[in-house]
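Everything on this sheet refers to the single structure shown next.
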Amino acid sequence: RRIGLVRTLRFLGVLIYASYLTQMGMLLTILPWSEVWPNLILKTPPSVASWLSIPTVRGMLTAFGLLHFGLLLWEAVAAERPSRDTPSNG
């Protein structure tokens, strides 16, 4: 019974983490190049807005979003491998 609870909690944790990685990856990859971006920049202080309007910074944010997708892929591959606490046959 306790093992079932632990597995359920682990699954929920992985699901929440995967959801975070997916949403942040999409947000950081798409948002800096969308039509909404200039409106968001206007709501920031001028010193921040000057940085956020630089294409290199927008590219770095996009790269950070792609890194989130990479981590998502890494976690998906890791989830396919058996965990160390699972007894092996043999």
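Note: the hydrophobic cluster containing Leu21 does not contain Trp74 (ILVMFWY, side chain heavy atoms under 4.5 Å, direct or indirect links). Linking ILVMFWY side-chain heavy atoms closer than 4.5 Å, directly or via other members, places Ile30 and Leu67 in two distinct hydrophobic clusters.
Residue Leu9 belongs to a hydrophobic cluster whose other members are Leu5, with links defined by side-chain heavy atoms closer than 4.5 Å. Applying the under-4.5 Å side-chain rule to Ile, Leu, Val, Met, Phe, Trp and Tyr, the cluster around Leu15 extends to Phe11.
For Thr56, the side chain to side chain contact (heavy atoms under 4.5 Å, CB included) partners at least two apart in sequence or on another chain are Ile54, Met60. By the side chain to side chain contact (heavy atoms under 4.5 Å, CB included) test, Thr22 pairs with Met26, Leu72, sequence neighbours left out. In this view, Glu75 satisfies the side-chain hydrogen bond (donor to acceptor under 3.5 Å, both in side chains) rule with no residue, not counting sequence neighbours. For Tyr17, there are no ring pair (Phe, Tyr, Trp, His ring centres under 6.0 Å) partners two or more places apart in sequence or in a different chain. Taking Phe64 as the reference, His68 meet the ring pair (Phe, Tyr, Trp, His ring centres under 6.0 Å) condition, with sequence neighbours excluded.
Going from atom CZ of Arg10 over to atom CD1 of Ile3 covers 10.0 Å, rounded to the nearest 0.5 Å. The CG atom of Leu73 sits 12.0 Å away from atom CG of Leu66, with the distance rounded to the nearest 0.5 Å.
When all heavy atoms are compared, the tightest approach of Ile41 to Ala49 is CG2-CB, 3.4 Å. The nearest pair of heavy atoms linking Leu28 to Gly65 is CB-CA, 3.5 Å.
Legend: side-chain hydrogen bond (donor to acceptor under 3.5 Å, both in side chains) pairs involving residues 24-48, not counting sequence neighbours, sorted by first then second residue: Trp33-Thr62.
Counting only heavy atoms from C-beta outward, the side chains of Leu40 and Leu31 approach each other to under 4.5 Å.
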